[in-house]
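Every number for a ligand or one of its atoms is a count from 1 in the order of the listing. We count residues from 1, following the sequence as given.
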Amino acid sequence: MSIKEKYQITRKKIPDDVTIVLAAKKRTAEEVAEAIDAGATDIGENYVQEAQKMYEHLGEKANIVRWHLIGSLQKNKINTALPIFDVIQTVGDFGIAEGIDKRVEKAGKKVIPVYIEINIGSEITKYGVEPEYKSILGLIKKISGNLKHLKVEGLMTMGPRFGDPEESRLYFKKTKEIFDEIKMLDLPNVSMKALSMGMSNSYKVAIEEGSNTVRIGSAVFGER
Ligand SMILES: *Cc1c(COP(=O)(O)O)cnc(C)c1O
């Protein structure tokens, strides 16, 4: 099956109000271009340098999609990342938030939307805030109160990429509860829109538990 067909089949399986962020790591620009032609609206990149190359190779097509950083951001890559990405999904500590905030204007932007990354026990990265309401709220309040170039627009969780997705259900449920509680607080510079959880193996469970943004790679592009 072509990437186009797989994207369209995946899109049909997922409710319209759930955003699909296509995880493009290790894919060629041709593969990503095919997905964009098939209707993909949002592209996720793990590495800033790969994103930069992808962006250049895609030319015009790069401008019709939203770019999400879904891998961890190192301080020395912030200046390169800011002009490319529309949203940074991986803010998991105040240090990186501060580093981003300092550089937003230099990148010609007023504000950059970010999601707070919560660590729910992933094998890929141990990065992120612990999945406790207090810790997550603490970080969000600190960002909200101090960094005027960041807008917190959601939460993101990695979770295990393999194994039984049912094992993540409780974490997804808990993350959704925290998302709702923080949303109700209506904090300045915080607008909780996106709950980014679920990948190829787990998106069904994640959506059942309230995810409205899934990050999908292998289900559309095939195994790496
Ligand atoms: C690779 C990756 C995904 C997608 O994983 P698949 O199993 O290929 O769907 C989602 N999120 C992040 C952060 C990733 O690195």
Side-chain angles (χ1 to χ4, degrees), residues 1-14 18-29 31-32 34-36 38-54 65-74 77 81 84-93 96 113-129 131 153-169 171-172 175 194-224:
M1 221 189 290
S2 68
I3 288 172
K4 182 178 177 207
E5 287 169 306
K6 280 190 280 189
Y7 175 77
Q8 286 169 345
I9 287 169
T10 308
R11 185 62 276 186
K12 280 202 196 98
K13 282 190 204 155
I14 292 174
V18 174
T19 303
I20 299 177
V21 177
L22 274 190
K25 62 174 171 281
K26 312 251 157 63
R27 308 301 175 175
T28 64
E31 289 173 297
V32 174
E34 187 178 341
I36 295 173
T41 55
D42 293 72
I43 304 295
E45 286 282 0
N46 292 69
Y47 307 103
V48 175
Q49 266 144 337
E50 259 187 49
Q52 196 178 21
K53 279 194 205 132
M54 184 67 77
V65 289
R66 278 167 52 84
W67 292 79
H68 300 245
L69 181 62
I70 60 173
S72 352
L73 179 58
Q74 269 133 20
K77 298 280 162 50
I84 300 173
F85 290 103
D86 298 292
V87 44
I88 297 173
Q89 292 207 7
T90 48
V91 171
D93 65 74
I96 196 71
V114 301
Y115 303 167
I116 301 304
E117 179 170 358
I118 299 166
N119 179 5
I120 60 170
S122 150
E123 79 279 15
I124 297 176
T125 163
K126 297 272 175 277
Y127 179 73
V129 196
E153 293 197 349
L155 302 181
M156 182 274 213
T157 64
M158 272 297 294
R161 260 193 73 214
F162 305 103
D164 185 356
E166 284 299 333
E167 283 167 23
S168 302
R169 187 181 290 278
Y171 290 113
F172 289 150
T175 308
L195 182 52
S196 174
M197 42 186 209
M199 302 184 264
S200 294
N201 76 328
S202 58
Y203 70 82
K204 282 197 203 90
V205 175
I207 292 167
E208 280 163 17
E209 297 306 334
S211 166
N212 63 17
T213 306
V214 293
R215 306 179 312 273
I216 290 182
S218 48
V220 169
F221 292 120
E223 277 306 327
R224 282 179 303 276

Taking 4.0 angstrom as the limit and counting only heavy atoms of Ile216, give me the atoms of ligand 1 inside it, by number and element. 9 (O)
Using a 4.5 Å cut-off on heavy atoms from C-beta on, say whether the side chain of Ile9 contacts that of Met1. yes
Would you please name every residue forming a side chain to side chain donor-acceptor pair (under 3.5 Å) with Arg215, sequence neighbours left out? Ser196
Should the heavy atoms of other residues, nucleotides or ligands under 6.0 Å from CD of Glu208 be counted, would the total exceed 12? yes
Is any NZ, NE, NH1 or NH2 atom of the basic residue among Glu50 and Lys53 found under 4.0 Å from an Asp or Glu carboxylate oxygen of the other? no
In terms of its nearest heavy atom to atom 12 (C) of ligand 1, the top option of Thr10, Ile70, Thr157 is Ile70
Residues forming a salt bridge (Lys or Arg N to Asp or Glu O under 4.0 Å) with Asp164, sequence neighbours excluded: none
Using a 4.0 Å heavy-atom threshold (strictly under), name the region of Asn46 that reaches ligand 1: side chain, backbone, both or neither. side chain
Would you say Asn201 contacts ligand 1, with heavy atoms under 4.0 Å as the rule? no
I need the atoms of ligand 1 closer than 4.0 Å to a non-hydrogen atom of Met158, numbered in the order shown. 12 (C), 13 (C)
Output yes when the distance from some N or O of ligand 1 to some N or O of Gly217 is under 3.5 Å, and no in every other case. yes
Per-atom contacts of ligand 1 with Arg215, taking only distances under 4.0 Å to non-hydrogen atoms: 4 (C), 9 (O), 10 (C), 11 (N), 12 (C), 13 (C)
State the atoms of ligand 1, each with its element, that fall below the 4.0 Å cut-off from a heavy-atom position in Ser218. 6 (P), 7 (O), 8 (O), 9 (O)
Shortest non-hydrogen contact between Val18 and Thr213, atoms and distance: CG1-N, 4.0 Å
